[in-house]
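Just so it is clear: chains get the letters A, B, ... in the order the sequence lines come, proteins before strands, and each one is counted from 1.
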Amino acid sequence: MEFSRRTFLKGSILGGVGISTLGFDLTPVYAQTQNLKISRASETRSTCPYCSVSCGVIIYTLGDKAKNAIPQVVHVEGDPDHPINRGTLCPKGSSLEQDIMNDRRLLKPQVRRPGATEWEDISWDQAYAEIAQKVKKTRDDSFIEKDANGHTVNRCEGIAFTGGCTDTNEFNYLAVKSMRSLGVCYLENQARV
Amino acid sequence: MSTAIERFDDKARDAFDRMGQNEVYEGELLRHRVYTRFLHWMVALFFFLALFTGFGIYMPWLFRWFTPIFGGGPLARAMHPWFGLGFVVFFALQMLNWIQPMTWTAADTKWIRNLRSTVSGKEKQDPPDTGFFNGGQKAQFWEIVGGSVVFLITGIILWKGARTFGCWPVAISYILHDISAVIMLGGIFIHIYLSTIGEPGTFQAMIRGAVSEAWAWTFHPAWYKEVTGRDPVQACEEARKRGQIAKQ
Amino acid sequence: MSDRKTLQIKQISGHSGPSPGFDMQRDAEVCKLIDTTICIGCKACEVACVEWNDMPFSPTTFDNTYQTMPATRWNFWNLIKFNEHQREDGTIQWLMRKDQCMHCADPGCLRACPADGAIVQYTNGIVDFQQENCIGCEYCVSGCPYDIPKFNPATKKVYKCTLCSDRVGGGLEPACIKACPTGCLKFGTKDDMKYIAEERAKQLRENFGFEKAGVYDPQSIGGTHVVYVLHDAENPERYGGLPRNPVIPWSYTVWKWLFKPVLGTFALFGLVGVLFHYVTVGPRLPQPQPPLKDSTPREKEI
Amino acid sequence: MTNGWIDIKNTDMMLIMGGNPAENHPCGFKWAIEAKLHRNAKTIVVDPRLTRTAATADMYLQIRAGADIAFLGGLIHYAIQNNRIAHDYLVNYTNAAFIIKDGFKLPDDGLYSGFDAEKQVYDKATWNYEEGGDLAGKPVMPTPAAQQEQAAHAKGSDTGQGQGLQGAGPAGAKGGAAAVPLLPPKTAYDLTLQHPRCVFQLLKKQYERYTPEMVERITGIPRDQFLKAVDLFTSVRKDGDMTKVATIIYAVGWTQHSFGTQIIRAAAMIQLLMGNIGRAGGGVNALRGHSNIQGATDMAGIFDNLPGYLKMPSPTDTDLATYLKRITPTVAKPDPWDSFNYWSNTPKFAVSFLKAMYGPAATKENDYAFHYVPKIDRNYSWVNIWNDMYEGTVKGIFAFGMNGVMIGPDSEKNINALKKADWLVVCEIYPDETSEFWQAPGISTDEMKQINTTVYRLPGAGFAEKDGTFVNSARWLQWKNVALPPPGQCKLDQEILATIFLKVRELYQKDGGKFPDPILNASFAYTNPYSPSLSEVAKEINGKATADITDPKTNTTIKAGQQLPSFAWLKDDGTTSSGNWLYCGSWTEAGAMTQRRGTEDPSGLGVYPNWAWSWPLNRRVLYNRASCDVEGKPWDATRRQVWWDESKNSWAGVDVPDFKADSPPKDHMGPFIMNPEGIGRLFVPLGAMADGPFPEFYEPIESPILNPLHPNQSTNPVVKKYKTDADKYAMPGQEFNVICTTYRLTEHYHYWTKNNPMNVQLVPEPFVEVPAELADRMGISGGEKVRVTSARGHYIAKAMVTRRIRPMKIDGKEMFQIGIPIHWGFRGIAEDEGKTARTLTNQLTPTVIDPNAFTPEFKGFLVKIEKV
C-alpha cells in the first residue's frame, strides 16, 4: 500500500496526542512539615516526680492560660536550663504527658463499706465526716497518757500514717504536724523502704 | 492427566455453547467457540486493566494521568495485583483450552523462518501446511505462557514485598516483571494490529466465532482443508475466476 | 509548612526532571551522632519519639529480651537493639544500638520509590516520607539496606523516622536527641558530629582499651546522616544486624534509571512499528484480493 | 549524697556498687559518663547482675547478693596493706588516732564486747574512747577506769543501766535513770597511730581476716578479678598521691539488707581512709530512689525523728530540759584540737520547731508544748506497723501515696493485716493494690464479705497539679509550679489532709475526748487552713522571728514575723520558730531561694550556686573543709572548692564553706562539724550503731551457707525475727537453694507507671531473670512461665534466660542467683488485660529489718524456681 498523504497525517496526529498526554506537568512539591505543635502552647516549669535526680521539665499545655481554655497537656519535654538534666529525660520522664493525661486516673472519692464487694461513690463532705469520726473514735480508744513506769507519753497507738515519696515537703510538714498532734507514733514513709 | 483436561474442556465448551451462540453464516466456517471467545476477552480485559494500573507503578511520572481512572495511585497499586491474578487465572484456562492446537510443529518453525516475506507482503497466501494456528500465533501464545508464569511468581513476590521474601528477591523480581511486561506489551501491539486492521476479517472470529472461507484458505489452508475437505489453493483459484466473471 | 524555615528539597522520588529546591539554597547537613559506647539502653529516645509524634500504642509481647519489640514498626520509629555478645574470655558485652532510619546521602528508598514525591530528601540531608504521595508499593522496603520503612496495612502507607523534620524545620533539635540522658545522642552539622565521633573513637582506643573502636559512616551509600561510634567498628553486625557494607540492590539504579526508559521506548517502537507497517506494507487481505481500481488523480473526480 | 549529681563529673574513679544508676537514675548517670568522657575516669561496677550500668563500666564483678561487707572489708584490708591511704587526712580528719577503752573486743567470734544474748542487744559502754591526752610512745597499761568498767560488765547487767534498756532500738529508747555513758571530753590519742588500741590498729586487725581468699569464698568473685578491681580503685592513692579523687555511688542495693547501714558505714570508712570525703568528685553519693524521699527524710516522715533529724523524745524525758540534755551531744576531742560540734545548738532547733508546731500555745511555762509530742519507747517502723496491725494494735491507717501491699515485705501478711484493721484511708491518683486489698487475687466473694475494713479511696492531685518543693538526692530544694488544675473531683493532697485534721479538731471541740490539747492548739494559721497554700507552709518551715531579735555582733534586727535568713539566728528562748532548722534560709525576706533559676557556674565544678537552694545554707558539697590540707591549701588546685584566705582571715571558696568561717587552720578545727569529735568516724562510739562500731560481715537472714568467718554467729546478732504465724524464714538445708534479689527497671517507676501505656509498651510483661546454665539444667527456655517460691509466697512470671547472670562458687558450693523486677501487681494496664499472673514480687520477701535504719531485707533471700 503506497504511502498516501492522508494516512500520514492520521498517524502523526495520533502520535502527537499520545506524547502530550503522557503527563509532563511539574506540580511543585514542598515539604509539608507538620506545624510545630508546641509553638503556641503555654509553658510551665516543673520537676519530674519520679527519681531523685529531679530533672527539670517543661509542661506544654493547650491554650495561652485564657479563662475558657481548660489546660490539657500537649507535650512534656526536658528543661534545657536545669543544670542537672540539661533538657534530657529518661523513658519515664519522657512519658509524663501520659502520666498527667491518663484515663485511669481516679476522679471521684469512693468508699468500700465493711462486707461490700465493690466500690460505692461518696461525696467529699460525707467522706470527711466519716473519716473524722473514725479517727476520733480510734484515737480515743487507743490513747495512752502515761506508760507502765508512770511517765507521760501521750501516744495514740491505734493510728498509722504512711506518706508517699513524691509528696512535697510542705505536705510532709503538715502530715508531721497533724499526725504528731494526734499522738501518732506509727508514722512512716517510703524513705524507710 | 490430559484426559482429565480434555473432559474438563469439553464440559466447559458445551456449557458455554449452551449459554452463548456462534453466528456462522453461509460461506463461513466456525473458528472459535463461545468458551474460547469468552476466555480470550476475559484475558484481554484483565491484561489491559493490569497494564494500565501497572503503568502507574512502572513509570508514574509518565503515566501519572492514568492512575486517577482507578481512583489514585494507592488504589491503582492495590488493584494491580488482583487484575494480574485475574489475567493469569483466565489465561491458564485458555492454555488448557488451547493446549492441543498450540503444540509446536515443524510447519511453525518453517513459518517463522520465512517471517520476513510474510511481513514484507510478498507472500499473499500462507504456506499450505499452516494449521489452525500459524507459527507467529503459537510463538506469541507460548511467549504469553512464559510471561504469565513470570508474572505470577514475581508478582506474588512484589505483592508481599521484602518483608516476607527479603530485599534481593523483590529487587530481581522487580526487573523480571518489567521485562516480561514489556515483551508481552510488544506482542500485544502486533496481536491487536494483525487481528484488526492488519488482517481484515479476523476480528469477527473473536466476535461471532466465524471466518469467511476465503480468509480460511488464505491464512490457514491446512485447517481449511481439514474442516472442509477441499483443497485451499484450488478453492482460491476458483474464487478468483468467479470474481473475474462477476466483474465482466 | 513550618513557620520559620521551609526545608528545601534536594531530591524527590520517582520525579522526572530536577526538584525545585535543588542547589537553590546553602544549607548545612545535619547529622545525628549515636555513641553506642555510652548508650545505657534506657529507651528514653523510644518514648520521646512516640510522645512527640503522638503515635498510638502497639501491643508488645515479652520475648526473652529487654528489647521492646523485634523490629521498628510503623508506629514505633526508633528501637534500641540489645545484643549479648560473648567475648573470647567468656565475659559478656551487652551491646545496645539505637536502630532507626540512617538518612543516607544516597537513599535506597528514594531510588526504589516509583511514586512521585512520596520520598523527598531535604538539602540538610534528612530523608522524609510524604504519605499523601505514597502508593504503598513497598519497593522502598526492599530498597533500604537497613530494613527501616514499615508498612501500615490500615492506611497502606509506609512510615519511618523523619529525624523530626518538623522540629528541625522549626529550629529545634530532634526529640530523641534532646531526651538522651547520657548524651549518647548528639545533633549538629555532619562535620562537627564526625569530629566528635573521631575524637571519641580515639579516646576509646587510647584510654579504654577498645583497639578497634571506630566510626560507622558507610561510604557505599555516600555516607549517612546518622553516624555511630562503635566499640568494634570492624564487625558492626554484632550490634543487631548493622550491615558492614550496606548496598542498594542494583536493580534500583542500573535498571530503573537506564534500562527501564530504554525498554519503555522499545514498547513504544512496537506501537510505532505496527502503525508504520500498516501505512507502508498495508494489511494482509484474504485472497483472492479484489483488484485495485485505477487510482486516477483527484481533479478527475471534481 | 555528700556531694551532688553534677559533682560526679569531677571524679577520676568510680565504684558503683549496691546501685544501678544507669537504669534507676539515667539523667544523673550522665555525669558519671561525663567524667569518663572528659577525665578518662574509670568505673568499677559490682552487682549480682550485669546491669545496664555494668554495660558501660570498665570493670564488672558479679557478687553474691548480700556479700557486700566482705568485698568492702577486703578493699580496706588491701588499701591498708599496700599503704594506699591518705595519711595526713587520716591522722587529722578522722578518729584513727583516738584510743579505745580497754574492755572493747573485736568480733573474731562474730560478737563485739557487751552482747546480751537473751535481749539480742549490746551494752555499748565499752565502745568508747579512753579519757586522757597524747599517749604517743607511752607504755601501754590498762587504766584503773578500764578495770572497774570490766568488773561491772562481767558481773552481769543488774545495774540500773540494764533495766533502762527496754528492747533494741535507736538512741531514743536508750537511757534510764542511771548515768548514761558519755563520750569523754578529752580523748586519748596517738598521732603516730602505733598504739595497739588506737582506732587505726583496731581497724587493721579487724579486716586482717578479710583476705582475698576469704573474699572469694564469701562473695564468689574470683581472687584475681577482686585484686584487679581493688588495685584499680585504690590506684588514686598510689604512693600517697593526693591530687586524684574517687567516689562511691550506691543506692538501695546496699540499704535493703539486715546489715544495710553497716555496708554504707564501710563505704564511708573507705572514703575516709583514702581521703575522698569533702572533695569535688569524691564523697559517698547515695542515690535516693524517689523525687522527694530526701525531703521526706528531712521532714521526718519517719517515726524516730522530728523534722531536722531531731531525736524523738522518749518516756524518760520527763521534761524539755531532760530531753534536750539527752539529745544534745557534748564535745569530745583531743585537747589541742577544736570541734564546732554544731549539734550543740539542738535546743535552739527543738524549741523553734515546737514554736512552729504549736505557735502561741507553746510558751516557756508549758515547756513549749513539749508534752504535746508523743514519746516513743519501742520500734514503730514500717514492718512493725503491719506486724502490729496483724496483731490488732493498729486499727486505722492513712496511706497518702504509699502502696503498702505492693511494698511488703511479705505482702500476704500486709493484706491479712488490713483485713483486721477498722478503716483505711488511701489518697492516690491511680487504682492501687492497697486500696483494693479486699479484691486481691485469691479472695473469693464470700471471703470478701467477711472483711470488715472500711476503705476510703480519695482521688489526689498529680505532680503537675500542685506546687511545693521536692528535695533531690543532692539536697537541692526545688520549687515546682502548677501546670493544670486537678481533673474531675480530685483535690490537692494538702487540702485533703488539712480538712481531715480540722474536722477531727471540730469533733474534739464539740464533744471533747482524750487529751485534746495538741489537736486544738496545733497552729494552722494559714490564710485558708482547709487548703493551706504551700508557699505559706514553706515560709513557716523556713522560720520566722516571733519577736524582735537583734544580732549583737552585726547589730542587725529582725522584726517579728519576718523570715529568718539562716539557722544561725535560731534561739531557744521561744523568740524564733522554724518548722525544720535545716531548711532555714530556703525562704528568706529576699524571697524563695528554692525558685532561683541562675544557670551560671563560674567554677566549672558544677556548683551552680544560684540555682534553687540546697540545705544546709546552699552548701553543695558537704565537709568541703576536708578538701584542703591542715594549712587550708586544697589537695588538688585544679578542683579547688574552698581554701583559707589569709588576707580576709576567713575561709573562701566557690562553694559555701562547710565550716566555721573564721576558724584559722592553726586552731585545727575538725572538718566534720556535726560530730562531737569534729572528725570523721572510722570507729563509731557508743550507741550510734546498734550492731557494732566496725562493719562485720554477717550472712543475710536467709542464707545458703554458714558465715565462713564465724559459723556459730552466722547472721547479724542484733536482728530480731517476727513471731506471728505469717512470718516464716527459710532455714539452710531446705529446698530453697537459689539466691533471689529484687530490683527496678529504667522503663518503670515502682507501682505507678504500670498505669502508663507508653511505659507498659516498653516492658509489656513481668519476667524473672534466670541464668542460662540454671535454665538449661531445669529445662526452662526463654519466655516460658516459671514459678518462684519462697518460704512465704510464690510469684509467677515468664523466664528471661540470660548469660548476664553467671553461676557462682560460694564457699566451694555452686550457687545460682535470679532477679525479679518489682513493678507488677494486680491492678494496672497489663494486669487488667490478664497478661500477668497478678502475683506480687514482694510476696516473696522476708520480714526482717536492718537494726539501725529498719529497712527490710529485699535483696538476697532464698527461693526455689520451677516450671509452671
For this session: May I ask you to name which of T152(A), T138(A), I84(A) has the most heavy-atom pairs under 4.5 Å with chain D?
Result: I84(A)
For this session: Fit a plane to each ring of W119(A) and W438(D), take the angle between them on a 0 to 90° scale, and name the class: parallel (under 30°), tilted (30 to 60°) or perpendicular (over 60°).
Result: perpendicular
For this session: Side chain from CB out, backbone as N, CA, C, O: work out which of these in E120(A) comes under 4.5 Å of a heavy atom of chain D, or both, or neither.
Result: neither
For this session: Tell me, yes or no, whether the heavy-atom count around R40(A) atom CZ, taken from other residues, nucleotides or ligands under 6.0 Å, exceeds 12.
Result: no
Exercise. I496(D) versus chain A, heavy atoms under 4.5 Å apart: side chain, backbone, both or neither?
Worked result: both
For this session: Please state whether the side chain, the backbone, both or neither of L534(D) comes within less than 4.5 Å of a heavy atom of chain A.
Result: both
Problem set entry | Note: R597(D)-D79(A) ion pair, threshold 4.0 Å (strictly below) | yes
Exercise. Looking at H151(A), K146(A), R105(A), which one has more heavy-atom pairs under 4.5 Å with chain D than the rest?
Worked result: R105(A)
For this session: Decide yes or no on side-chain contact (heavy atoms from CB on, under 4.5 Å) for Y608(D) and H82(A), but give the supporting numbers first.
Result: CA-CA 10 Å; Y608(D) 289 96; H82(A) 196 285; over 6 Å; no
Exercise. Do N169(A) and N292(D) have side-chain atoms, one donor and one acceptor, less than 3.5 Å apart?
Worked result: yes
For this session: Determine, stepwise, if the pair F470(D) / S54(A) fulfils side-chain contact (heavy atoms from CB on, under 4.5 Å).
Result: CA-CA 8 Å; F470(D) 277 163; S54(A) 77; 5.5 Å; no
Problem set entry | Side chain, backbone, both or neither of Q98(A) within contact of chain D (heavy atoms, under 4.5 Å) | both
Exercise. Where does C55(A) contact chain D at under 4.5 Å (heavy atoms): side chain, backbone, both or neither?
Worked result: side chain
Exercise. Does the side chain of K137(A) come within less than 4.5 Å of K395(D)'s, by heavy atoms?
Worked result: no
Exercise. Which answer fits V184(A), side chain, backbone, both or neither, if we ask what part of it has an atom under 4.5 Å from a heavy atom of chain D?
Worked result: backbone
Exercise. With a 4.5 angstrom heavy-atom cut-off, which part of N102(A) approaches chain D: side chain, backbone, both or neither?
Worked result: side chain
Exercise. Distance-only, no hydrogens or angles: does the T168(A) side chain make a donor-acceptor pair with backbone N or O of G468(D) under 3.5 Å?
Worked result: no
Exercise. Between G408(D), A474(D), C490(D), which has the largest tally of heavy atom pairs under 4.5 Å with chain A?
Worked result: C490(D)
Exercise. I541(D) versus chain A, heavy atoms under 4.5 Å apart: side chain, backbone, both or neither?
Worked result: side chain
For this session: Report yes or no: does R112(A) contribute a side-chain atom to a donor-acceptor pair with the main-chain N or O of E436(D) at less than 3.5 Å?
Result: no
Seminar exercise, completed: Correct closest heavy-atom pair for G295(D) and N172(A) would be C-ND2, 4.3 Å
Exercise. Heavy-atom distance under 4.5 Å to chain A: side chain of N24(D), backbone, both or neither?
Worked result: backbone
For this session: Counting only heavy atoms closer than 4.5 Å, note whether F501(D) contacts chain A via side chain, backbone, both or neither.
Result: side chain
Seminar exercise, completed: When the 4.5 angstrom heavy-atom criterion is applied to L520(D) and chain A, the contacting part is neither
Seminar exercise, completed: Here the pair of heavy atoms bringing K134(A) nearest to T454(D) is CE-OG1, 3.6 Å
Exercise. Hey, does the side chain of R155(A) reach the backbone of K375(D) with a donor-acceptor pair shorter than 3.5 angstrom?
Worked result: yes
Problem set entry | Aromatic plane relationship, Y50(A) with Y749(D) - under 30° parallel, 30 to 60° tilted, over 60° perpendicular | tilted
Problem set entry | Heavy-atom proximity to chain A below 4.5 Å, by part of A356(D) | both
Problem set entry | Engaged part of D147(A) at the chain D interface, taking heavy atoms whose separation is under 4.5 Å | side chain
Exercise. Roughly how far apart are K108(A) NZ and Q489(D) CD, rounded to 0.5 Å?
Worked result: 8.0 Å
For this session: Would you indicate whether R86(A), at its atom CZ, is surrounded by more than 12 heavy atoms from other residues, nucleotides or ligands within a distance under 6.0 Å?
Result: no
Exercise. With a 4.5 angstrom heavy-atom cut-off, which part of W479(D) approaches chain A: side chain, backbone, both or neither?
Worked result: both
For this session: Tell me, with the steps shown, if V153(A) and D377(D) meet side-chain contact (heavy atoms from CB on, under 4.5 Å).
Result: CA-CA 9 Å; V153(A) 283; D377(D) 60 359; 5.8 Å; no
Exercise. Checking heavy atoms, do the side chain of C48(A), its backbone, both or neither come under 4.5 Å from chain D?
Worked result: backbone
For this session: Considering non-hydrogen atoms only, spot the tightest contact between N154(A) and P374(D) and give its length.
Result: O-CB, 3.3 Å
For this session: Would you mind telling me which of L96(A), V57(A), T88(A) has the largest number of heavy-atom pairs within less than 4.5 Å of chain D?
Result: T88(A)
Problem set entry | Verdict with supporting geometry, T47(A) and Q478(D), side-chain hydrogen bond (donor to acceptor under 3.5 Å, both in side chains) | CA-CA 8 Å; T47(A) 307; Q478(D) 293 173 101; 5.2 Å; no
Exercise. Within 45° of the axis and under 6.0 Å from the centre of the six-membered ring of Y508(D), does NZ or CZ of R139(A) qualify?
Worked result: yes
Problem set entry | Test log, rule side-chain hydrogen bond (donor to acceptor under 3.5 Å, both in side chains), inputs Q126(A) and Y456(D) | CA-CA 11 Å; Q126(A) 177 71 16; Y456(D) 298 93; over 6 Å; no
Problem set entry | Expected output: side-chain W382(D) to main-chain A191(A) donor-acceptor under 3.5 Å | no
Exercise. Which one, F161(A), Y60(A), Y173(A), leads in non-hydrogen pairs under 4.5 Å with chain D?
Worked result: Y173(A)
For this session: Go through N85(A), V73(A), I159(A), D140(A) and name the one with the most non-hydrogen pairs under 4.5 angstrom from chain D.
Result: D140(A)
Problem set entry | Structural part of E465(D) lying under 4.5 Å from a heavy atom of chain A | side chain
For this session: Counting only heavy atoms closer than 4.5 Å, note whether L174(A) contacts chain D via side chain, backbone, both or neither.
Result: both
For this session: Look at E540(D) together with K177(A) and state whether they make a salt bridge at an N to O cut-off of under 4.0 Å.
Result: yes
Problem set entry | Side chain, backbone, both or neither of I6(D) within contact of chain A (heavy atoms, under 4.5 Å) | side chain
Exercise. Is it the case that more than 12 heavy atoms not belonging to K514(D) sit under 6.0 Å from its NZ atom?
Worked result: yes
Exercise. With no hydrogens and no angle check, is any side-chain donor or acceptor of N452(D) less than 3.5 Å from a backbone partner on P114(A)?
Worked result: no
Exercise. Under a 4.5 Å heavy-atom cut-off, does chain A meet the side chain of S523(D), its backbone, both or neither?
Worked result: both
Exercise. Should the pair D832(D)-R104(A) be classified as a salt bridge under the 4.0 Å nitrogen-to-oxygen rule?
Worked result: yes
Problem set entry | T44(A) portion near chain D, given a 4.5 angstrom heavy-atom threshold | side chain
Seminar exercise, completed: Applying a strict 4.5 Å limit to non-hydrogen atoms, the region of T166(A) in contact with chain D is both
For this session: State whether the side chain of D167(A) and the backbone N or O of G401(D) hold a donor-acceptor pair below 3.5 Å, judged by distance alone.
Result: no
Problem set entry | Shortest non-hydrogen separation from R180(A) to I302(D) and the atoms involved | NH2-O, 3.4 Å
Exercise. Which atom pair, heavy atoms only, marks the closest approach of P49(A) to S291(D)?
Worked result: O-OG, 2.8 Å
Exercise. Do you know the tightest heavy-atom contact between A464(D) and I59(A)?
Worked result: CB-CD1, 3.7 Å
Exercise. Given a strict heavy-atom distance threshold of 4.5 Å, which part of S381(D) is in contact with chain A: side chain, backbone, both, or neither?
Worked result: both
Problem set entry | Residue among S178(A), C165(A), G183(A), S94(A) with most heavy-atom pairs under 4.5 Å to chain D | C165(A)
